[in-house]
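A short worksheet on the structure shown next.
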Amino acid sequence: SVAKRAVAEAAQHDKVPRPVGFLPPPPPCPGKIRHFKI
Amino acid sequence: VPAAAPAPLGCDDPESEAAADVAVSYINGQSHHGYKFALNRIENIRVIPQGLNNDIIFLELDLLETSCHILNPTPLVNCSVRSFTEHAVEGDCDVKLQKVDGVFSVLASKCNSHADSSEDIIQLCPDCPLLASLNNTEVLTTVTAALNAYNSKTAGAYLRLLEVGRAKIQYEPVHNVIVEFAVAATNCSAEEAKDNVEACQLLPDDQSNFGFCTATMVTRPSQDLRADCKLYGHQVPTPDPGVTYSQAGQGTS
């Protein structure tokens with residue numbers, strides 16, 4: 001029988017390690033709400 | 001290696017806010033009815049370079065109605081935005097500007113305004129008065145009664161109605177009609193008007209004196225009418241030094 005590697009384990013090894021605290025920049029638009037959103 | 005294209009402008013970048021300020025000044029400057037609007041959010045901005053120091057900018061703006069009538073000389077920064085429970089009115093505007101050598105000019109703008117949904121207000125504030133149509137019979141009756149009451153008591157100029165700006169009707173716990181309307185002084189005193197009101201005409205532009213009135217009329221459980229009017233005094237029209245409008249502007253539709 002063919003032993004199938006756990007996908008999660010494979011994905012884990014393939015994932016590029018991200019530096020701790022990396023956050024994608026906020027989208028440029030829409031901007032901040034100055035009063036309230038209706 | 002060609003210089004990398006500049007990063008797209010963000011909606012909260014200082015330059016975007018400067019462009020939005022020019023656009024909002026233009027929109028309020030072009031408006032002759034209703035209330036001043038203030039910037040609530042820059043929804044989107046697109047910059048299309050036309051050459052050296054020359055960009056076309058498309059702005060999508062989300063505005064909110066303020067409590068300042070358009071004829072009120074109060075600077076926009078001092079005009080409070082209608083709160084959610086006052087039944088806010090939102091304006092959605094698309095504005096096309098040009099920026100040449102750092103100076104913005106508005107080429108065209110298009111705005112649509114709409115009141116918040118009554119369901120949203122009722123959900124948060126079941127007894128809050130809701131916006132009513134400006135030609136609602138109760139509204140027009142209240143405006144007429146309020147202006148007559150004010151003119152019958154004032155020692156000043158006889159005031160004529162310019163436009164009804166806003167109206168709300170509350171049904172519980174009392175039946176209450178709340179109106180705001182713009183007025184203008186005439187060339188008569190209120191006393192003179194009692195004899196011959198047809199002769200009372202609005203003052204010419206170089207002496208015009210606009211004002212604003214608020215009134216409430218409770219009709220149930222008892223009748224109670226309160227009206228208050230304030231005149232702004234004659235305003236010498238001054239173009240806004242910080243804003244330039246291109247002659248080719250298409251105006252605001």
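In what follows, chains carry the letters A, B, and so on, assigned in the order in which the sequence lines appear, proteins first and then strands, with residues in each chain numbered from 1.
For Lys32(A), the NZ atom counts as densely surrounded, since its 6.0 Å shell holds more than 12 non-hydrogen atoms of other residues, nucleotides or ligands. At most 12 heavy atoms of other shown residues, nucleotides or ligands fall within 6.0 angstrom of atom NE2 in His33(B).
For the pair Asn40(B) (side chain) and His35(A) (backbone), a donor-acceptor distance under 3.5 Å is present.
Residues of residues 61-69 of chain B lying within less than 4.5 angstrom of chain A, judged on heavy atoms, are Asp62(B), Leu64(B) in numerical order.
Using a 4.5 Å cut-off between heavy atoms, Asp120(B) does not touch chain A at all. Using a 4.5 Å cut-off between heavy atoms, Glu60(B) does not touch chain A at all. Within the 4.5 angstrom heavy-atom criterion, only backbone atoms of Leu9(B) (N, CA, C, O) approach chain A. For a residue to count as touching a neighbouring chain, one of its non-hydrogen atoms must lie under 4.5 Å from one of that chain's; by this rule Ser16(B) does not touch chain A.
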What side-chain donor-acceptor pairs closer than 3.5 Å can you find for residues 44-57 of chain B, not counting sequence neighbours?
residue  : atom : partner  : partner atom : Å
Gln50(B) : NE2  : Ile48(B) : O            : 3.0
Asn54(B) : OD1  : Gln98(B) : NE2          : 3.1

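Closest of all the heavy-atom pairs between Cys11(B) and Gly31(A) is CB-N, 3.4 Å. Considering all non-hydrogen atoms of both residues, Ser83(B) and Phe36(A) come closest at C-CZ, 3.9 Å. Summarising the geometry of Cys29(A) relative to Gly10(B), their closest heavy-atom pair is SG-C, 4.2 Å, with the distance given to 0.1 Å.
With sequence neighbours left out, the side-chain hydrogen bond (donor to acceptor under 3.5 Å, both in side chains) criterion links Ser118(B) to no other residue. Listed by chain and residue number, nothing satisfies the side-chain hydrogen bond (donor to acceptor under 3.5 Å, both in side chains) test with Asp13(B) (two or more places apart in sequence, or in another chain).
Side-chain atoms of Arg34(A) and Ile42(B), non-hydrogen and from C-beta on, do get closer than 4.5 Å to each other.
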